[in-house]
J.: 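Right, I'll just put the structure down here and ask away after.
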Amino acid sequence: MRILVVEDEPVLALRLQQTLEAADFAVDVAYDGEEGWHLGDTENYDAVVLDLGLPKLDGVSILRRWRDSGRAFPVLILTARSRWSEKMAGFQAGADDYLTKPFEMDEVVYRLRALIRRAAGHAQPELACGPLRLDTLAGRFSLNGIPIQLTAQEFRILSYLMHHAGKIVSRTELMEHVYDRHFDSDSNVLEVLIGRIRRKLDADLIHTVRGQGYRLADEAAP
Ligand code: CA
């Protein structure tokens, strides 16, 4: 899962980036409104953290532009304290949730995980595919009730497939949601990672669909 953070305060931007990376997200950061709008318009994100007061282009305008051009990712806006009119403007522009500064860093993680899960059409916090479970709030996988240890990259891949279980996910789509924009990767690396995840799962759950991509599914299920 990949997140865009648009925040002009360098200290807060860095804390958000570190917190989200520690929670196994791939993170891109934009420090002004124009760069933020451009990244959201051209890259594929699972969710966006958007400050409203930004240089060059304000958050509400960015959000309105994204929504007008059909960008549907969940957006969590950051607002100054007690600015109700600002929050309203954010919602009217298409925000999904908001946080009032100052806030607990962990709360950003929990809200984003819930927003991403909801956007993928899941109501329950736990996702299941046969013996494989993902506790979306805690960010942990288990197989037959036993926790699976995954690297951050492996976690992002499996998490994306799990949120879209049963659907074919192309290699391009998967890579766009697993790596930040500075990461130089190719599909060979992706295949190696998929191989490692398959061995850790010790179950035939990730299927290769020839020429199309991958699909997470429990074929043993009736
Ligand atoms: Ca700001």
Side-chain angles (χ1 to χ4, degrees), residues 1-5 17-29 39-48 71-74 109 112-113 115-122 126-222:
M1 297 295 180
R2 183 176 173 199
I3 308 287
L4 171 64
V5 172
Q17 181 175 12
Q18 288 171 338
T19 302
L20 296 175
E21 284 177 350
D24 290 338
F25 288 112
V27 182
D28 288 337
V29 181
L39 282 176
D41 204 49
T42 52
E43 302 283 326
N44 285 304
Y45 295 101
D46 294 288
V48 175
R71 310 299 281 174
F73 40 60
V109 173
L112 286 175
R113 284 175 174 161
L115 286 170
I116 291 168
R117 191 189 77 230
R118 276 287 185 179
H122 304 287
E126 187 180 73
L127 308 186
C129 180
L132 183 66
R133 299 280 154 107
L134 169 60
D135 178 340
T136 58
L137 284 184
R140 278 192 219 102
F141 276 100
S142 62
L143 190 74
N144 293 313
I146 299 160
I148 311 171
Q149 300 302 320
L150 298 166
T151 65
Q153 285 186 19
E154 291 166 0
F155 178 85
R156 290 202 283 273
I157 291 170
L158 193 54
S159 183
Y160 192 82
L161 290 173
M162 191 73 165
H163 278 77
H164 303 279
K167 295 174 193 147
I168 298 170
V169 177
S170 74
R171 286 178 179 80
T172 308
E173 180 182 350
L174 201 46
M175 286 201 289
E176 281 170 351
H177 289 272
V178 167
Y179 299 116
D180 64 61
R181 67 189 163 126
H182 299 300
F183 197 92
D184 187 24
S185 186
D186 57 46
S187 56
N188 293 332
V189 176
L190 184 69
E191 278 184 45
V192 171
L193 288 168
I194 293 272
R196 281 192 203 145
I197 299 167
R198 277 183 174 137
R199 283 192 290 280
K200 288 184 182 183
L201 291 183
D202 196 27
D204 187 23
L205 291 171
I206 302 177
H207 307 270
T208 302
V209 185
R210 255 185 114 89
Q212 294 186 66
Y214 301 100
R215 191 167 64 93
L216 185 78
D218 180 24
E219 302 283 85

J.: Please give me the minimum heavy-atom distance between His177 and Asn44, naming the atom from each residue.
T.: NE2-CB, 3.8 Å

J.: Please tabulate, for the side chains in residues 18-27, all donor-acceptor contacts under 3.5 angstrom to protein atoms that are two or more places apart in sequence or on a different chain.
T.:
from, atom 1, to, atom 2, distance (Å)
Thr19, OG1, Arg15, O, 2.7
Glu21, OE2, Gln17, NE2, 3.3

J.: For Arg118, enumerate each residue passing the side chain to side chain donor-acceptor pair (under 3.5 Å) test, keeping only those at least two apart in sequence or located in another chain.
T.: none

J.: Have a look at Arg2 and tell me which of Asp46, Val178, Ile116 forms a side chain to side chain contact (heavy atoms under 4.5 Å, CB included) with it.
T.: Asp46

J.: Mind checking the OG-CG spacing from Ser142 to Leu134? Nearest 0.5 Å is all I need.
T.: 8.5 Å

J.: Sequence neighbours left out, what pairs pass salt bridge (charged side-chain N to carboxylate O under 4.0 Å, His left out) with at least one residue falling in residues 142-161?
T.: Glu154-Lys200

J.: For the CD1 atom of Ile157 and the CD1 atom of Ile197, what is their distance to the nearest 0.5 Å?
T.: 4.5 Å

J.: Between atom CG of Leu193 and atom CG of Asn188, what is the distance when rounded to the nearest 0.5 Å?
T.: 11.0 Å

J.: Can you tell me how far CD of Glu43 sits from CG of Asp28, rounded to the nearest 0.5 angstrom?
T.: 6.5 Å

J.: Minimum heavy-atom separation for Cys129 and Asp218, please, with both atom names.
T.: SG-N, 3.5 Å

J.: Which pairs with one or both residues in residues 135-149 pass salt bridge (charged side-chain N to carboxylate O under 4.0 Å, His left out), sequence neighbours excluded?
T.: none

J.: Considering residues at least two apart in sequence or located in another chain, which fulfil the side chain to side chain donor-acceptor pair (under 3.5 Å) criterion with Asp180?
T.: none

J.: Could you point out which residue of Ile3, Leu39, Leu4 forms a side chain to side chain contact (heavy atoms under 4.5 Å, CB included) with Val48?
T.: Leu4

J.: Name each donor-acceptor pair under 3.5 Å that joins a side chain in residues 160-172 to protein atoms two or more places apart or in another chain, with its distance.
T.:
from, atom 1, to, atom 2, distance (Å)
Tyr160, OH, Glu173, OE2, 2.5
His163, ND1, Ser159, O, 2.8
Ser170, OG, Glu173, N, 3.1

J.: Of all the heavy-atom pairs spanning Arg113 and Thr136, show the shortest one and how long it is.
T.: CD-O, 3.0 Å

J.: What residues form a salt bridge (Lys or Arg N to Asp or Glu O under 4.0 Å) with Arg133, not counting sequence neighbours?
T.: Glu126

J.: Any chance you could lay out the side chain to side chain donor-acceptor pair (under 3.5 Å) test for Arg198 and Thr208, step after step, and finish with the verdict?
T.: CA-CA 11 Å; Arg198 277 183 174 137; Thr208 302; 2.7 Å; yes

J.: Of all residues at least two apart in sequence or in a different chain, which pass the ring pair (Phe, Tyr, Trp, His ring centres under 6.0 Å) check with Phe155?
T.: Phe141

J.: In Å, rounded to the nearest 0.5 Å, how long is the span from CG of Leu174 to CG of Leu190?
T.: 5.0 Å

J.: For residues 183-217, which residue pairs qualify under ring pair (Phe, Tyr, Trp, His ring centres under 6.0 Å), counting only residues two or more places apart or in two chains?
T.: Tyr179-Phe183

